[in-house]
Amino acid sequence: MPTPFLLSRAAVLAGLIAAGSALAAAPSSPARAPAAATPPSPEGAAAQLRERVLGGGSRAWEILESLTTDIGARPVGSAAMDRAHNWALDRLTALGFQNVHAEAFTKEDAWFRGNESAAIVAPVERPLSILGLGGSVPTPAGGVEGEVVVFATLEALAAAPAESLAGRIAVVNQPMTRTQDGEGYAAAVRVRAGGASIAAGRGAIAFLTRSITTGTQRAPHTGALRYDAALPRIPAAALGVADADLLSRLAARGAAPRVRLVLESTTRSVPAWNVVGEIPGREPAAGTIVIGGHLDSWDPGQGAVDDGAGVAITMAAARLIGELPVHPRRTIRFVAWGSEETGGAGDAYAKAHAEEAAQLVVAAECDSGAGQAYRLSLPKLAAEDPLRRQLAVALAPLRVFVDARLAAHGGSDVEGLQAAGVPVFELTQDSSGYFDIHHSADDTLDKVSRTDLDQNVAVWAVTLELLGESSSALR
Ligand SMILES: [Zn+2]
């Protein structure tokens with residue numbers, strides 16, 4: 001670590017930009033000699049900061065390494081999530097955040113995976129790689145068994161006549177398209193979210209979906225489903241892609257394969273927490289910017305890219321702002337939301353802060369993995385302000401452009417705030433590889449690039465600094 005020194009706001013900003021620029025452009029940029037004892041020029045500050053970030057000084061990697069190693073997977077209601085909320089309180093305090101506290105809420109009907117198994121029992125006998133979908137009802141004791149009907153798409157399932165699946169297990173083997181911005185997920189996730197109820201409406205006794213993934217690993221990818229209240233709730237699970245393809249090929253032979261499925265999930269209401277820490281602004285009346293990631297994760301992996309990365313990026317970026325000798329006008333509030341994957345945290349947060357909503361000038365959640373950020377979308381007033389140009393200039397060296405379109409979605413945990421009138425911004429990350437591992441046992445630290453993580457920290461820090469300092473009303 002270089003010797004600490006006080007930097008002007010412009011020097012720090014220039015340094016953040018230069019640091020991220022080096023990361024975005026060339027991970028192997030050559031090391032510079034430590035700066036001399038003379039006060040740094042902006043270029044000198046930039047070099048200092050670049051070395052600091054390249055050397056892990058952003059702390060994002062260290063935060064993520066600790067979260068994935070010391071805590072691991074963090075499903076809401078688990079003992080690990082209880083430890084994680086204390087971990088977040090300790091981290092925020094150690095990093096110099098103010099007003100560090102946990103806001104408790106009750107997560108109704110938290111879902112717990114039990115024993116699970118599935119197998120093809122005829123015409124061949126094969127084990128199937130599955131993960132129950134979050135929120136799925138259990139199978140009856142001893143499991144369910146039935147003939148499988150395979151559909152190529154959700155639309156094909158929806159077109160099946162009423163009662164045509166009576167006593168059968170519906171399978172949808174719809175692949176997901178790989179895209180940079182994750183739009184392929186938005187299209188494919190409908191199968192996981194709604195397939196069970198569509199199948200139940202046609203008489204099915206269980207539902208299996210091809211994992212919603214762009215990867216080819218055998219490991220399945222879980223995620224939440226939503227039941228239609230008007231239809232019977234049937235057990236539902238995700239198949240590894242190889243096994244979904246195997247069932248498709250067997251079904252194409254003519255004789256319907258038979259599958260046996262056992263899911264022993266349970267639900268109960270549990271305590272949960274949104275953990276908060278602030279970098280106080282120098283003009284409290286200028287309002288508060290709410291950012292963060294979600295601390296909970298699915299159970300099979302380590303919750304590294306979803307969403308340990310988002311927690312680490314935003315915590316590290318806010319901490320860099322906190323180290324400025326002069327804080328921006330607005331307060332930066334970091335929130336580690338405590339139940340995103342099956343919902344609850346964002347609603348609890350919006351409800352608890354309804355009175356304060358007018359003071360919250362803009363909000364965003366970082367929850368798209370650990371790929372490099374490449375696009376900033378702004379709310380209306382920021383997009384019209386000179387702030388837009390300022391951000392475009394500051395972010396261009398980091399290879400981030402400002403989108404001509406306005407931000408539509410700030411992340412699922414800020415939807416409640418958005419509904420209450422809080423504007424949102426969106427930093428889109430390269431999600432090309434994200435869905436290869438998302439929600440699976442392969443969501444582990446080794447998939448994260450330290451360089452990409454630090455590029456995100458620089459991008460968030462620059463964005464927060466400019467939003468925080470801007471005289472724009474934003475809302
Ligand atoms: Zn997430």
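Given the structure is predicted, the values throughout are model-derived calculations rather than measurements. Indexing begins at 1, ligand by ligand and atom by atom, following the structure's order.
Remark: R268 qualifies as a cation-pi partner of F112 under the 6.0 Å distance and 45° angle criteria applied to the six-membered ring.
Of the inter-residue distances, the one linking D347 atom CG with K107 atom NZ reads 9.5 Å to the nearest 0.5 angstrom.
Residue side and main chain included, E341 places no N/O/S atom under 2.8 Å of the Zn ion (ligand 1). None of the N, O or S atoms belonging to D307 lies under 2.8 Å away from the Zn ion (ligand 1).
Within D306, the N, O or S atom at minimum distance from the Zn ion (ligand 1) carries the name OD1. Per residue D367, closest N, O or S atom to the Zn ion (ligand 1): atom name OD1.
Residues forming a ring pair (Phe, Tyr, Trp, His ring centres under 6.0 Å) with Y434 (at least two apart in sequence, or on another chain): H438.
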Please assess W273 against H85 for the test ring pair (Phe, Tyr, Trp, His ring centres under 6.0 Å), listing each intermediate value before the final yes or no. CA-CA 7 Å; W273 306 269; H85 105 270; 3.8 Å; yes
